[in-house]
Amino acid sequence: MYSIHFYENKTYVLNQALRTIPAIDENVRIKGRNGKVVDVQQMDENRYFVFVEFEVIVDRSKKVESDPKEKKINRDLWAGNHKLYDCLPI
């Protein structure tokens with residue numbers, strides 16, 4: 001068993017006890033993130049430092065700016081200028 005220490009840009013990511021040592025250019029998945037092994041350094045007989053480069057995460061929660069007409073409709077709804085409000089009985 002080997003003690004494998006995973007690093008990303010000098011930032012400690014994970015320490016695992018593994019039976020095999022990851023090879024350079026091997027694809028790895030750590031904490032739900034896909035990455036590729038860039039470098040492997042042997043520190044002791046059973047301790048290895050593995051440097052990983054992770055894929056860039058795209059934040060999809062940001063809303064893409066949409067049509068300006070849609071914004072105008074939404075603004076009119078909040079202002080009470082929609083015809084639906086005129087049809088409701090008082």
Side-chain angles (χ1 to χ4, degrees):
M1 296 289 280
Y2 301 104
S3 175
I4 309 294
H5 301 264
F6 291 97
Y7 288 91
E8 176 193 20
N9 300 332
K10 299 181 183 179
T11 304
Y12 173 76
V13 179
L14 179 70
N15 179 13
Q16 283 186 326
L18 299 175
R19 293 177 192 241
T20 59
I21 302 163
I24 295 177
D25 291 333
E26 181 179 336
N27 292 328
V28 292
R29 185 172 178 96
I30 299 173
K31 296 185 178 181
R33 296 174 63 193
N34 295 327
K36 186 172 271 196
V37 176
V38 177
D39 189 24
V40 178
Q41 295 178 357
Q42 181 178 3
M43 293 297 141
D44 293 333
E45 183 179 328
N46 293 329
R47 188 171 67 164
Y48 290 85
F49 286 0
V50 176
F51 295 93
V52 180
E53 183 176 320
F54 288 109
E55 292 180 1
V56 178
I57 299 173
V58 178
D59 188 14
R60 296 183 183 183
S61 64
K62 294 180 182 176
K63 186 177 179 181
V64 178
E65 188 161 332
S66 59
D67 195 18
K69 280 187 174 181
E70 184 178 329
K71 287 185 179 181
K72 183 178 179 184
I73 292 170
N74 288 338
R75 186 176 57 236
D76 289 344
L77 281 173
W78 283 104
N81 296 334
H82 194 266
K83 293 179 184 178
L84 176 67
Y85 293 113
D86 297 336
C87 300
L88 294 177
I90 298 176

Task: Ile30 vs Val13, side chain to side chain contact (heavy atoms under 4.5 Å, CB included): CA-CA, chis, key distance, verdict - done: CA-CA 8 Å; Ile30 299 173; Val13 179; 3.9 Å; yes

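- Linking Ile, Leu, Val, Met, Phe, Trp and Tyr residues whenever their side-chain heavy atoms come within less than 4.5 Å places Ile4 and Leu14 in a single cluster.
- When the ring pair (Phe, Tyr, Trp, His ring centres under 6.0 Å) test is applied to Phe6, no partner is found at least two apart in sequence or on another chain.
- Among pairs with a residue in residues 33-44, those fulfilling salt bridge (Lys or Arg N to Asp or Glu O under 4.0 Å) read Glu8-Arg33, Asp44-Arg47, at least two apart in sequence or across chains.
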Mind listing the side-chain donor-acceptor pairs of residues 17-29 below 3.5 Å, one per line with the distance, residues two or more places apart or on another chain?
from  : atom 1 : to    : atom 2 : distance (Å)
Glu26 : OE1    : Ala23 : N      : 2.8
Arg29 : NH1    : Asn34 : OD1    : 2.8

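- Other residues sharing the hydrophobic cluster of Tyr12, ordered by chain and number and joined by side-chain separations under 4.5 Å: Tyr7, Met43, Phe49, Phe51.
- The local environment of CD in Glu53 is sparse, with at most 12 non-hydrogen atoms from other residues, nucleotides or ligands closer than 6.0 Å.
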